[in-house]
Colleague: 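Sharing a structure, written as structure tokens. Questions coming.
Not measured: the values here are computed from a predicted model. Chain identifiers are assigned alphabetically (A, B, ...) following the order of the sequence lines, protein sequences preceding nucleic acid strands; residue numbering begins at 1 within each chain.
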2 protein chains.
Amino acid sequence: MSRRTRMATIDPTPPDARAEPIAARSFGSGATTISDIARLTGVSKKTVSRVINGSELVHPETRDKIKALMTELNYTPDPQARGLAFRHSFLIGLVFDNPTAQYIVNMQYGVLDALRDSGFELVVHPCDSKRADYIDGIRHFVQRQKLYAVILIPRVSEDQALAEMLQDLGVRYVRIASVALDDASRMVMTHDRRAGSEVAEYLESLGHRYVGLITGPKRYRSSIERGGGFRDGLARRGIALTDEAVYEGGYTFESGVAGAEALLRREPRPTAIFACNDEMAAGVYKAAQRMGLSIPGDLTVIGYDDSPLASQLWPPLTTIHLPVREIGRQAASLVLTKDRQSNPEGNAAITVSPHLVIRDSSQPPRE
Amino acid sequence: MSRRTRMATIDPTPPDARAEPIAARSFGSGATTISDIARLTGVSKKTVSRVINGSELVHPETRDKIKALMTELNYTPDPQARGLAFRHSFLIGLVFDNPTAQYIVNMQYGVLDALRDSGFELVVHPCDSKRADYIDGIRHFVQRQKLYAVILIPRVSEDQALAEMLQDLGVRYVRIASVALDDASRMVMTHDRRAGSEVAEYLESLGHRYVGLITGPKRYRSSIERGGGFRDGLARRGIALTDEAVYEGGYTFESGVAGAEALLRREPRPTAIFACNDEMAAGVYKAAQRMGLSIPGDLTVIGYDDSPLASQLWPPLTTIHLPVREIGRQAASLVLTKDRQSNPEGNAAITVSPHLVIRDSSQPPRE
DNA sequence: CTGAAAGCGCTTACAG
DNA sequence: CTGAAAGCGCTTACAG
């Protein structure tokens, strides 16, 4: 029936226009346009457009007929044409500086989870936040591609100047960070401070009293939060973390090695070390091996991230699981929800909680 | 002077049209259009378009004047508008199945190296080649976004059905693989076979006679090439690799552990193991540690990839360096060169050569 | 609830 | 060497 209706509908356009069949125009087959749908269904392009954009102002019967035809012809509106008319593209930019490969990839997977079937695509944009003009680079990227939104990953997410530039541009964005740096509607927060405390409490409960901390760079907010939470957690349990028990690393393997070597020379030697990411924890493993210390017999090691590395180390690393893919999913969902401003006051920021995963690198201290 | 020329040029459009100043229209500032350039420079849009597209058919003086104004106003043509007219977008798709995170990220960096300032952007598209309809998913992606080109990473690059679909669509693509699966103009090849042989020759030269091989899955062409090259290399040096000395792994850490455990139970015990990627080599480390074998004292281990893992293992891993970023760069350059067909016969495929990096996990066998 | 006209910022034939 | 007209596939006011 629906087929007959379609066939019976007379094409209102003059016979000279568009006389050729629908399919196979330019990009392989399936190049149906909004005009084809309008003509074959006997309505105006505007009405089809209303259906595409989910307007309520369409007669249900008309809408159904149009939708049926769109499905039948496997029609999807051209994002470039829509973008030109809407004055923005259907692209989401992912901007990042230099996290680990695993972090980047998991984030991409998470974002793409949320973007699936949305008509939006993910465009990646690494940058170097140490360059003076890196914000300009991002501005050009956003402007030129008329991005619909951008997702900011630490450390660039922590740059206030970048956020302000994006606000000036009037483009949507969301920042991923461990503290509330912005409106709740623009934040996905990870409770790094709480996770740091959790590590402290776990170590105290095992009986450790002499512990060391290897932080990330001070310019990373996550590093401050993880380390600060750890320090606070210890303090709450009556353990003071002296300055000599803290080594500022660089989130790299090598800095983990150096940090462990520095900390393990102290007297009394720490019985446990918390490294603020897994890569540095792997460095601690190496230093311990060199110094003839066994893990966890002589030394308990805790990491942060729960990267694949954590389960590949020997012994498997006790660490904080950071749900990166979930974070990416949340960030992308946030950016796609139109009604962010509908509840400007009551909106709570989206938060994601890392949690401790106990494996084999931790146990009570000897004696 | 050029400024005076510009100011003196009378706007040919009627005064009612476009009376407002140029800047700050929709997307922040800088929303200059081709019409602005044409009007202010006193030529038609078509001529400006010619300059944009590098046509020779423009008077040098005119071209210079236009270029100067474009620079002055910081004008870049809108990729969406160009895309709509050109019937393709300025997006390059990166399609991959499930390589390691490091591989994906390095590939992205390489591709972006080549795309910088080209006006093209990178859209990422992971997929699951085990799903029956995964090719349809890619087709929809390519058609809907009207991709300019797509870059195929192993293992999807090895799927002939996918390549044929892309050909039917008429979209440019390049395949990254270890053998010539396609026209030279569509290939970036890595000499995995040769690298496998290099490992064999190196081990023989050290004096190893009893060696084990842990391959990747048979469905990966790289696995066949690496393993095959290794076998051939040994054979050329008079060493036969028996079937029992070969374990088919899955390119995963766990399969490396399992493979090493199987191989190291044999008599005589192999004095060296070649794992076809670093992750499996890390698994070999774990198995060796469990069995109380020291590396390289009791066992030489060689990996493949030269991922960050290789230098983070203890002892640092001797491995084959695969220049992934360079591969990405080459693939993107290939896709951007317009004149691929100019020399259809004489074209040699782009090839990239992996090479051995000797670290501390290899030495001559005992006695 | 529906449509005709104009426009988004570019390019492609077609003329000259 | 240069330009006027029409078009790419959509949407936004504006009318009804």
Side-chain angles (χ1 to χ4, degrees), chain A residues 12-14 16-18 20 22 25-27 30-39 41-66 70 73 75-90 119 143-146, chain B residues 12-14 16-18 20 22 25-27 30-39 41-66 70 73 75-90 119 143-146:
Chain A
T13 48
D16 58 309
R18 304 276 181 115
E20 81 282 20
I22 314 157
R25 202 91 51 81
S26 63
F27 222 78
T32 310
T33 72
I34 195 174
S35 301
D36 297 320
I37 302 289
R39 180 166 38 88
T41 199
V43 301
S44 72
K45 296 194 299 182
K46 177 60 199 161
T47 298
V48 179
S49 174
R50 286 198 180 89
V51 171
I52 291 171
N53 292 289
S55 162
E56 295 297 310
L57 301 146
V58 181
H59 193 88
E61 236 172 73
T62 312
R63 184 204 325 282
D64 290 349
K65 195 166 64 173
I66 291 172
M70 295 198 304
L73 297 186
Y75 167 76
T76 39
D78 181 335
Q80 292 200 94
R82 294 187 82 198
L84 188 58
F86 272 136
R87 288 159 189 75
H88 73 248
S89 70
F90 287 84
Q143 282 189 131
R144 181 162 192 182
Q145 301 299 325
K146 296 217 193 79
Chain B
T13 49
D16 59 307
R18 304 279 183 114
E20 79 282 21
I22 314 156
R25 201 93 51 81
S26 63
F27 221 79
T32 310
T33 72
I34 196 174
S35 301
D36 298 320
I37 302 289
R39 181 166 37 87
T41 199
V43 300
S44 72
K45 296 195 298 181
K46 177 59 199 160
T47 298
V48 179
S49 174
R50 286 198 180 89
V51 172
I52 291 171
N53 292 290
S55 162
E56 295 297 310
L57 302 147
V58 181
H59 192 88
E61 236 173 73
T62 312
R63 184 205 325 282
D64 291 348
K65 194 165 68 174
I66 292 172
M70 296 198 305
L73 297 185
Y75 167 76
T76 40
D78 181 335
Q80 292 199 93
R82 294 187 83 198
L84 187 59
F86 271 136
R87 288 159 188 76
H88 73 248
S89 70
F90 288 84
Q143 281 190 132
R144 182 161 191 184
Q145 300 300 325
K146 296 215 193 82

Colleague: From the set D/dG3, C/dG9, C/dT11, return the single nucleotide nearest to any side-chain atom of B/Thr47.
Modeller: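 Nearest listed nucleotide: D/dG3.
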Colleague: Nearest-Å distance, CD (B/Gln80) to P (D/dC10)?
Modeller: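 Nearest whole value for this atom pair: 13 Å.
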Colleague: D/dA13 P sits how many Å from A/Phe86 CZ, rounded?
Modeller: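 Going from A/Phe86 (CZ) to D/dA13 (P), I get 11 Å.
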Colleague: Can you identify which nucleotide, out of C/dG3, C/dC10, C/dT12, has its nearest atom closest to the A/Val43 side chain?
Modeller: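 For A/Val43, the side-chain atoms sit closest to C/dG3.
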Colleague: What is the minimum heavy-atom distance between A/Phe86 and A/Asn53, and which atoms define it?
Modeller: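 Where A/Phe86 meets A/Asn53 most closely, the heavy atoms are CZ-OD1, 3.6 Å.
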Colleague: B/Ile52 side chain: which of D/dT11, C/dT11, D/dT2 is closest?
Modeller: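 Nearest to the side chain of B/Ile52 among the choices is C/dT11.
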Colleague: Between C/dA4, D/dC10, C/dT11, which one does the side chain of A/Lys46 approach most closely?
Modeller: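 In terms of side-chain proximity for A/Lys46, the closest of C/dA4, D/dC10, C/dT11 is C/dA4.
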Colleague: B/His59 has an atom NE2; how far is it from atom C1' of D/dG3, in whole Å?
Modeller: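 My rounded result for the distance is 17 Å.
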Colleague: Does A/Ser49 put a side-chain nitrogen or oxygen below 4.0 Å from OP1 or OP2 of D/dT12?
Modeller: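 No, outside the criterion.
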Colleague: Is it the case that the base of C/dT2 and the side chain of A/Arg50 share a donor-acceptor contact (distance under 3.5 Å, atom types as modelled)?
Modeller: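 Side chain to base: pair found, below 3.5 Å.
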Colleague: Could you state the atom-to-atom distance from CG of B/Leu57 to P of D/dG3 in whole Å?
Modeller: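 From B/Leu57 CG to D/dG3 P: 13 Å.
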Colleague: D/dG9, C/dC10, D/dT2: which one has an atom nearest the side-chain heavy atoms of B/Tyr75?
Modeller: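 Taking heavy atoms from C-beta onward, the closest nucleotide is C/dC10.
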Colleague: Name the pairing partner of C/dA13, where a pair is Watson-Crick or G-U wobble with both distances under 3.5 Å, or state none.
Modeller: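 C/dA13 is paired with nothing.
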Colleague: Between C/dT2, D/dC10, C/dA4, spot the one nearest the side chain of A/Ala81, thanks.
Modeller: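 Ranking C/dT2, D/dC10, C/dA4 by closest atom to the A/Ala81 side chain puts D/dC10 first.
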Colleague: Please give me the minimum heavy-atom distance between B/Ser35 and B/Lys45, naming the atom from each residue.
Modeller: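 Heavy atoms of B/Ser35 and B/Lys45 come nearest at OG-CD, 3.4 Å.
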Colleague: Taking atom C1' in both D/dT11 and C/dG3, what distance in whole Å separates the two?
Modeller: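 Nearest-Å result for D/dT11 against C/dG3 at atom C1': 14 Å.
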Colleague: Compare side-chain N and O positions of A/Thr33 against OP1 and OP2 of D/dG9 and report whether any pair is under 4.0 Å apart.
Modeller: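 For A/Thr33, the contact criterion (side-chain N or O under 4.0 Å from OP1 or OP2 of D/dG9) is not met.
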Colleague: Quick check: closest heavy atoms across B/Pro77 and B/Arg82, and the distance to 0.1 Å?
Modeller: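 Smallest interatomic distance, heavy atoms only, reads CB-CD, 3.7 Å.
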Colleague: Which value, in whole Å, describes the distance between the C1' atoms of nucleotides D/dT12 and C/dT2?
Modeller: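 That atom pair is separated by 15 Å.
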Colleague: Could you check how far NE2 of A/His88 sits from P of C/dC8, rounded to whole Å?
Modeller: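 The answer, rounded to whole Å, is 17 Å.
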Colleague: Check whether A/Arg63 reaches the backbone of A/Ser55 with its side chain - one donor and one acceptor, N or O, closer than 3.5 Å.
Modeller: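 The answer is yes, because a donor-acceptor pair under 3.5 Å joins these two groups.
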Colleague: Keeping the roles fixed (side chain from B/Ser89, backbone from B/Lys146), state whether a donor-acceptor pair exists under 3.5 Å.
Modeller: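 Indeed, once roles are kept as given, a pair shorter than 3.5 Å links the two residues.
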Colleague: Out of D/dA4, D/dG9, C/dC10, which has the shortest distance to the side chain of B/Ile34?
Modeller: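 Nearest to the side chain of B/Ile34 among the choices is C/dC10.
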Colleague: Looking at D/dA4, which nucleotide sits across from it as a Watson-Crick or G-U wobble partner, both distances under 3.5 angstrom, or is there none?
Modeller: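 Result: none.
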Colleague: What nucleotide among C/dT11, D/dC8, C/dC1 has an atom nearest to a side-chain atom of B/Leu84?
Modeller: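 Nearest to the side-chain atoms of B/Leu84, counting from C-beta on, is D/dC8.
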Colleague: Which nucleotide in the list D/dC10, C/dG3, D/dG3 gets nearest to the side chain of A/Ala85?
Modeller: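 Per side-chain heavy atoms of A/Ala85, the pick is D/dC10.
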Colleague: What's the closest nucleotide to the side chain of A/Asp78 if the choices are C/dC1, D/dC10, D/dT2?
Modeller: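 Per side-chain heavy atoms of A/Asp78, the pick is D/dC10.
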Colleague: Just how far, in rounded Å, is C1' of C/dC8 from CZ of B/Arg82?
Modeller: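 Taking atom C1' of C/dC8 as the reference, CZ of B/Arg82 is at 16 Å.
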